[in-house]
Number of protein chains: 2
Amino acid sequence: MLDLAVLGLLRDAPLHGYELKQRLADLGFWRVSFGSLYPGLKRLERQGFIESLRDGGRKKTYQLVPKGQSHLEFLLTEETDTVEEERHFHLRLAFFRYLDGATRIKSLDRRRNELVQRLADSRRSMRKVNGRGQQRPDRYTRALMERGVRSTEADIAWLDQLIAAERSEQARPSSTELFQGGSQWAK
Amino acid sequence: MLDLAVLGLLRDAPLHGYELKQRLADLGFWRVSFGSLYPGLKRLERQGFIESLRDGGRKKTYQLVPKGQSHLEFLLTEETDTVEEERHFHLRLAFFRYLDGATRIKSLDRRRNELVQRLADSRRSMRKVNGRGQQRPDRYTRALMERGVRSTEADIAWLDQLIAAERSEQARPSSTELFQGGSQWAK
DNA sequence: CAGCAGTATATCGGACCGATATAGTGGGCG
DNA sequence: CGCCCACTATATCGGTCCGATATACTGCTG
């Protein structure tokens with residue numbers, strides 16, 4: 001989790017610990033705590049994935065070393081049979097630019113399959129909990145379950161868009177697209 | 001987190017640890033692990049919030065005691081200045097039936113304010129990351145950030161619905177609604 | 001120049017997780 | 001009948017991540 005985040009962010013440029021936290025927060029889905037970050041950076045250094053150099057007194061700059069780069073590649077492509085939790089997948093997506101198109105589609109498809117499975121589970125448990133076995137759920141529990149279904153559906157639709165975009169990108173490759181992009185939402 | 005889940009689920013009826021896990025999974029937003037659950041149950045028993053009784057050999061039935069019930073009330077109403085993370089709020093919602101209308105609305109409003117704040121932060125960091133300071137984000141990072149905004153917006157709209165429903169419920173109270181409910185999605 | 005917000009690193013105890021161990025139960029199927 | 005397999009059920013271990021807290025420097029604003 002943290003390893004993927006740190007190695008991914010350091011891939012393009014060295015950063016301070018504090019900067020890493022901010023960059024990660026900017027992605028919007030994980031506000032990592034210092035209680036994870038600093039021990040995590042130590043761990044990564046001990047494992048030989050990154051190097052730190054003191055930078056004018058109290059600051060420390062962290063940079064990726066080759067061993068860390070190959071570990072990053074591993075983390076981006078490994079097939080974790082564990083549920084591929086949301087955060088993990090989003091993190092991967094944030095570093096998709098380091099993967100080739102085929103690998104991206106594979107990863108997107110995996111995620112999609114999990115969500116379809118989860119959707120089926122949600123619907124099943126709605127039926128179950130509404131059956132004659134136990135007390136019917138109150139309207140808040142119902143709202144909660146419905147929200148789960150709707151947001152999973154929205155995520156599947158979102159993935160479908162990403163998959164379609166990736167396929168059409170592969171059909172008509174334009175080398176600059178991924179890095180520059182049109183800033184449609186730039187305001 | 002776990003405390004709230006366990007005490008809330010035991011409020012209406014005693015359950016086995018394994019059943020607790022299943023009930024929680026049925027709510028759809030948290031598949032608690034045994035590595036949390038069983039140590040957690042021990043902790044709650046040690047603190048005097050629940051009691052366990054062996055039930056024909058290897059099973060254990062857990063039940064709420066009065067001290068646990070008042071702790072549940074505390075957990076449901078305390079104002080955690082910590083981010084009121086999603087899971088925590090959803091858990092509260094699952095036990096909203098134990099709160100009065102005014103407290104419910106207060107809790108919904110708090111959550112809504114947080115989401116509005118988060119939405120503003122997301123939009124700000126989109127603008128920031130698109131500025132001339134650093135490298136423009138690739139299309140996957142963009143998709144990720146857009147998704148964050150959309151899902152936060154959807155959640156705010158969802159909360160608005162719940163708040164409206166709660167208000168109209170308070171205007172026209174019908175004692176059975178909350179517990180029975182029309183099973184619109186029962187099919 | 002006092003105060004306050006932001007930058008920056010670090011540690012501590014505790015919550016939660018995934019993996020793993022162990023074992024009983026109940027059903028399907030040859 | 002005997003075998004296997006999936007499910008029920010409890011438990012522990014090492015490790016990750018978190019919130020709280022401490023410390024201290026910087027830069028701005030009133």
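Note that the structure is a prediction, hence the values are computed from the model and not measured. Throughout, protein chains are lettered first and strands after them, A, B, ... in sequence-line order, and every chain is numbered starting at 1.
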Are any of the side-chain nitrogens in [X] or [Y] under 4.0 Å away from the carboxylate oxygens of its partner?
| X | Y | answer |
| --- | --- | --- |
| A/Arg112 | A/Asp160 | yes |
| A/Glu166 | B/Arg139 | yes |
| B/Arg147 | A/Glu86 | yes |

Quiz item: With sugar-phosphate meaning primed atoms plus P, OP1 and OP2, does B/Gly17 contact a base, only sugar-phosphate, or nothing at under 4.0 Å between heavy atoms?
Solution: sugar-phosphate

Rounded to whole angstroms, how far apart are [atom1] on [X] and [atom2] on [N]?
| X | N | atom1 | atom2 | result |
| --- | --- | --- | --- | --- |
| B/His16 | D/dT8 | NE2 | C1' | 11 Å |
| B/Leu37 | C/dC17 | CG | P | 10 Å |
| B/Leu41 | C/dC16 | CG | C1' | 14 Å |
| A/Asp55 | D/dC25 | CG | P | 16 Å |
| A/Gln22 | C/dG6 | CD | C1' | 9 Å |
| A/Arg87 | C/dC16 | CZ | C1' | 12 Å |
| B/Tyr38 | C/dC16 | OH | P | 16 Å |
| B/Gln47 | C/dG14 | CD | P | 11 Å |

Exercise. Would you mind reading off the bend of the helix from C/dC1-D/dG30 to C/dG30-D/dC1 from its two end axes, five pairs each, to 10 degrees?
Key: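 Both end axes considered, the difference amounts to 30°.
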
Nearest-0.5 Å distance that lies between atom [atom1] in [X] and atom [atom2] in [Y]:
| X | Y | atom1 | atom2 | value |
| --- | --- | --- | --- | --- |
| A/Glu79 | A/Ser107 | CD | OG | 9.0 Å |
| A/Ser122 | A/Gln117 | OG | CD | 10.0 Å |
| A/Lys67 | A/Glu51 | NZ | CD | 11.5 Å |

Exercise. Let me know, please, whether B/Pro39 or B/Glu19 comes out on the 5' side of the other along DNA chain D by nearest nucleotide.
Key: B/Glu19

Reckon [X] has a side-chain N or O less than 4.0 Å from the OP1 or OP2 of [N]?
| X | N | value |
| --- | --- | --- |
| A/Trp30 | D/dT16 | no |
| B/Arg43 | C/dA15 | yes |
| A/Lys60 | C/dA10 | yes |
| B/Ser36 | C/dA15 | no |
| A/Ser33 | D/dC17 | no |
| B/Lys59 | D/dA9 | yes |

Quiz item: Taking the inter-plane angle between the rings of B/Tyr140 and A/Phe96 on a 0 to 90° scale, is it parallel (under 30°), tilted (30 to 60°) or perpendicular (over 60°)?
Solution: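 Geometry flag for A/Phe96 against B/Tyr140: perpendicular rings.
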
Just compare [options] and give me whichever is closest to any side-chain atom of [X].
| X | options | value |
| --- | --- | --- |
| A/Lys42 | C/dA10, D/dT8, C/dT7 | C/dA10 |
| A/Phe34 | C/dA10, C/dA8, D/dC17 | C/dA10 |
| A/Arg54 | C/dA15, D/dT12, C/dT9 | C/dT9 |

Quiz item: If only atom types and distance count, is the side chain of B/Arg123 paired as donor or acceptor with the main-chain N or O of B/Val149 below 3.5 Å?
Solution: no

